[in-house]
Structure formats: structure tokens, C-alpha cells
Participant: 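Before I ask anything, here is the structure I am working with.
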Amino acid sequence: MIDRINDLLKRVEEFSPKAAAEIEEFRIKILGKKGELNALMEEFKTVAPERKREIGQRINALKVAAQERINALKAAAQQAAENSAATVGDMTRPGSEEPLGTRHPISLVRNQIVEIFSRMGYTVAEGPEIEDDWHVFSALNFPPEHPARDMQDTFFIEKNPDILLRTHTSSIQVRAMERSKPPIRIVCPGRVFRNEAISYRAHCIFHQVEGLYIDEGVSFADLKQSLLYFAKEMFGENASIRLRPSYFPFTEPSAEMDVSCNLCGGKGCNVCKGTGWLEIMGCGMVDPNVLEANGIDSKKYSGFAFGMGVERIAMLKYGVKDLRLYFENDVRFLRQFESVL
């Protein structure tokens, strides 16, 4: 038994932990209720009376040595931890600033457009991307033979030709007119889909923000002034616009709105096709047929509508000359907007 006591004492003296957790494990192994020291105490009960004094003293010395050794190792581990913290620095200080991402430029421009019209009293309306023929075409005065219904322009759902991916967010305007009575003043941001060839100026997926204002006495002058205010808020006080006669089934009269190209300063570039102007939206007075189709008295109420492509405006605002960059997820392109709030 003395040999076992001496062996255990030697292990205690030579114990050298590699981690603080090993000290507690060693303490439990030696001094715990089921530890080796208690096992020796149980065996001590069978020792001959004439040897109890000698062996008892050795066991007590072992217990004291083990406890002192463990306490010393714990104190050394704690001191080492404090020294390490002091070397690193004040752990209570705020951490280093981590680089943050940013919103996509399309989201930035869409939010800014919505914010400008919100200041003019417009509220945001939303609708589904998968729509039916009524809300995308029929309720907007599209005749059955209109080219926009052709497969070349619209993505139809094969199993149901009446269901399609919306080609414009005007479908949200129809839903608003169905469930609301004038006055109506809304903007409709969203993603739309058209079966078009992809180039630096066009894509099969793009984003629109459309607007609708219906009330008594609304005129084309109200439309023009609203869009001029928007252009100056979006592109700066020096921005100018021009309205060109056009045709849309759901507005009469209709116009295309151009804004002065700030990429070339009006000198002409590949984006504006050398004209110094860039088309950004279509607009016009809501056709009376559309009002009547959606349950609004066209003799009492009038209104205007407009729709703009977010990608085209972002091209102007940030000097991007190829809108395909918006869809490629190239981090080199996206990192240019890290400083943009």
C-alpha cells in the first residue's frame, strides 16, 4: 500500500496540465468522491493496527500535497489568462468595425422613386407577379389582337393561356381601382417580365414603378408638373424633360417622357443614342374605357398614369452604361455602392 501511496504522490508532483480544464479533471480523479485517495481510505480500514499510524500519516501527507499542487496549478492558469488578456488589450472596449454590405442599386433607386412620390401624397400598392389576362390586358383596354398579347412579348403559362407573368405593374392599378373609390393616388413598384432579347439596353426581367392618380378635375397639366418635379428631385435641379406624343391602349392622350442624359451632358452617347435624351417612362391620361371597365364614372372622374423602368433611371443616376450588370451579381460592380445609403 505504501508503494501505491508513493506512486500517487509522484504523479501529483509531476502532473503538468496543457489546459486549465485538465486541472479540474485531475482534481476529481484524485480527490473526488470516487477518486483514488478515497479508494486508499477504504483500503486503509483493512490495514493491521500496528501499521495504521504510519500509513495514515502518509495518506494525510498525500492529501495535503495533492490539494496544494492543484491550488498552485489553478492560480498559475488564472495568472496566465490575465496576462494574455492584458497582451491583447482591454476586452471591454468596442470591437473593430466590420465592413457592411449595401442595398442593390436597383433597390436604392426604387426606394428613392417611391420616397419622392410619397412626399406628393402617393401610397404604395403591390400585387402578384403571376397574373391573369383581365388584370394585365383586358381591363386596360387592350384589344384581343394587340401585339402585346403575342408570345413574342409575353411569357404565358403553358397549361393555362389565361395565366401569364405580368408585363407591367399596371395590373396593380387595376386591382386598386377594383377595390377602391376615387380619389386614388398610388405608386406600384415591382418586377415585370417580357420576352425580349437581352442587351445593354434591355432585359427579359426588369423593374418598374407605375403611378396612378384619379380624382375630379385631374388634367394633363397636373401630370406634366408632377413628372417635372420628380425629374428634378431624382436627377438634380438642372434636369429637364420633354414629352413626345405616343400611344398606349390604357391612356389617351399618351406620351413618352425623356429626361436629359447626364451621362454625356447632352452631347450624345451610346446609351442615349447620340440624342442627349433618354426615355425613362410612358404616361398619359387614363382612357375613359379603362375607368368604366373598373367601375369608375368617367364623366365625373379623370386621372393620369405613368410607368418608368427602374434600371434605366439607375443607369442615369449612377452612370451605368450596361444594365446587364444589375443581374450578374459581380461583387466588383456591387462594391461600388458600399458607400451609398
Participant: Looking just at side-chain N and O atoms, do His168 and Gln208 make a donor-acceptor pair shorter than 3.5 Å?
Facilitator: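 There is no such pair between these side chains.
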Participant: Tell me if the CD1 atom of Ile130 is crowded by more than 12 foreign heavy atoms within 6.0 Å.
Facilitator: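 No, CD1 of Ile130 has 12 or fewer neighbouring heavy atoms, counting only those of other groups under 6.0 Å.
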Participant: If you apply the rule salt bridge (charged side-chain N to carboxylate O under 4.0 Å, His left out), what do you find for Arg324 with Glu328, and how did you get there?
Facilitator: CA-CA 7 Å; Arg324 289 172 292 191; Glu328 293 177 352; 5.4 Å; no
Participant: In terms of hydrophobic clusters joined by side-chain contacts under 4.5 Å, are Ile113 and Ile172 together?
Facilitator: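 No, it is not one cluster - the side chains of Ile113 and Ile172 are not joined through contacts under 4.5 Å.
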Participant: Indicate yes or no for a side-chain donor-acceptor contact from Asp162 to the backbone of Asp132 under 3.5 Å, with no hydrogens or angles considered.
Facilitator: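 Not confirmed, Asp162 side chain does not pair with Asp132 backbone.
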Participant: Ignoring hydrogens and geometry beyond distance, is a side-chain donor-acceptor pair present between Gln67 and Asn71 at under 3.5 Å?
Facilitator: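 A donor-acceptor contact under 3.5 Å links the two side chains.
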Participant: Under the 3.5 angstrom rule, does the side chain of His104 hit a backbone N or O of Tyr326 as a donor-acceptor pair?
Facilitator: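 Yes; at least one donor-acceptor contact below 3.5 Å.
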Participant: Flag yes if more than 12 heavy atoms outside Glu126 fall under 6.0 Å of its CD atom; otherwise flag no.
Facilitator: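 Result for CD/Glu126: open.
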Participant: Just how far is it from atom CG of Asp133 to atom CZ of Phe156, taken to the nearest 0.5 Å?
Facilitator: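 If we round to the nearest 0.5 Å, Asp133:CG and Phe156:CZ are 7.0 Å apart.
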Participant: What I'd like to find out is whether the side chain of Leu164 reaches to under 4.5 Å of the side chain of Phe155, using heavy atoms alone.
Facilitator: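 Of all side-chain heavy-atom pairs linking Phe155 with Leu164, none is under 4.5 Å.
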Participant: Determine whether Leu227 and Val259 fall in the same hydrophobic cluster, where Ile, Leu, Val, Met, Phe, Trp and Tyr are linked whenever their side-chain heavy atoms lie under 4.5 Å apart.
Facilitator: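 Per the 4.5 Å side-chain linkage, Leu227 and Val259 are co-clustered.
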Participant: For the CG atom of Leu223 and the CE atom of Met285, what is their distance to the nearest 0.5 Å?
Facilitator: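 The CE atom of Met285 is 7.0 Å from CG of Leu223, to the nearest 0.5 Å.
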Participant: Please set out all donor-acceptor pairs under 3.5 angstrom arising from side-chain atoms of residues 210-219, sequence neighbours excluded.
Facilitator:
from, atom 1, to, atom 2, distance (Å)
Glu210, OE1, Ser170, N, 3.3
Glu210, OE1, Ser170, OG, 2.5
Glu210, OE1, Gln173, NE2, 3.0
Glu210, OE2, Thr169, N, 3.2
Glu210, OE2, Thr169, OG1, 3.4
Glu210, OE2, Ser170, N, 3.3
Glu210, OE2, Ser170, OG, 3.1
Tyr213, OH, Arg185, NH2, 3.3
Ser219, OG, Ala221, N, 3.4
Ser219, OG, Asp222, N, 3.4
Ser219, OG, Asp222, OD2, 3.2

Participant: Would you call Arg194-Asp153 a salt bridge at under 4.0 Å N-O?
Facilitator: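 No, Arg194 and Asp153 are not salt-bridged.
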Participant: Pair Phe117, Phe306 - check ring-ring contact (aromatic ring centres under 6.0 Å, His included), show working.
Facilitator: CA-CA 12 Å; Phe117 282 101; Phe306 56 86; 4.8 Å; yes
Participant: Has the side chain of Arg27 got a donor or acceptor atom that lies under 3.5 Å from a matching backbone atom of Ala66?
Facilitator: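 No: the side chain of Arg27 does not pair with the backbone of Ala66.
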Participant: Can you confirm whether Pro144 sits close enough to Phe137 that some side-chain heavy atom of one is under 4.5 Å from a side-chain heavy atom of the other?
Facilitator: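 With C-beta onward as the side chain, the pair stays apart.
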Participant: Using side-chain heavy atoms (C-beta onward) and a distance below 4.5 Å, is Phe220 in contact with Pro253?
Facilitator: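 A side-chain contact exists here, since the closest heavy-atom pair is under 4.5 Å.
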Participant: Quick test of your reading: applying salt bridge (charged side-chain N to carboxylate O under 4.0 Å, His left out), list the pairs with at least one residue in residues 60-73, sequence neighbours left out, ordered by first then second residue.
Facilitator: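 The answer is none; no pair qualifies.
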Participant: Check the surroundings of atom CD in Glu22: do more than 12 heavy atoms from other residues, nucleotides or ligands lie under 6.0 Å from it?
Facilitator: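 It does: Glu22 CD has more than 12 such atoms within range.
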Participant: For atom CZ of Arg119, is the number of surrounding heavy atoms from other residues, nucleotides or ligands below 6.0 Å larger than 12?
Facilitator: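 Check passes, neighbour count above 12.
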Participant: Only one of Thr167, Asn195, Leu165 forms a side-chain contact (heavy atoms from CB on, under 4.5 Å) with Thr154, so which one is it?
Facilitator: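 For Thr154, the side-chain contact (heavy atoms from CB on, under 4.5 Å) test succeeds with only one of Thr167, Asn195, Leu165, which is Thr167.
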Participant: Would you find a donor on one side and an acceptor on the other, under 3.5 Å apart, between the side chain of Ser180 and the backbone of Met177?
Facilitator: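 No, the answer is negative, given that no donor and acceptor are paired below the 3.5 Å cut-off.
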Participant: For a 4.5 angstrom cut-off between non-hydrogen side-chain atoms, does Trp277 reach Ser240?
Facilitator: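 Yes, at least one pair of side-chain atoms sits under 4.5 Å.
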Participant: More than 12 heavy atoms of other residues, nucleotides or ligands under 6.0 Å from CD of Gln78: yes or no?
Facilitator: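 Atom CD in Gln78 is not packed in, count stays at 12 or less.
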Participant: Tell me, yes or no, whether the heavy-atom count around Lys232 atom NZ, taken from other residues, nucleotides or ligands under 6.0 Å, exceeds 12.
Facilitator: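 Check passes, neighbour count above 12.
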Participant: Quick one: do Arg242 and Glu256 make a salt bridge, cutoff under 4.0 Å?
Facilitator: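 So Arg242 does not pair with Glu256 through a salt bridge.
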Participant: Heavy-atom distance under 4.5 Å between the side chains of Lys317 and Arg312, does that happen here?
Facilitator: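 Side chain of Lys317 against side chain of Arg312, heavy atoms only: no contact under 4.5 Å found.
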Participant: Is the closest side-chain heavy-atom distance between Leu140 and Val136 below 4.5 Å?
Facilitator: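 Result no, sub-4.5 Å side-chain heavy-atom pair not found.
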Participant: Let's go through His203 and Glu311 carefully: what are the C-alpha distance in whole Å and the side-chain angles of both, what is the deciding distance for side-chain hydrogen bond (donor to acceptor under 3.5 Å, both in side chains) to 0.1 Å, and is it a yes or a no?
Facilitator: CA-CA 10 Å; His203 205 283; Glu311 283 82 357; over 6 Å; no
Participant: Quick one: are Leu334 and Pro105 in side-chain contact, heavy atoms under 4.5 Å?
Facilitator: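 Result yes, sub-4.5 Å side-chain heavy-atom pair found.
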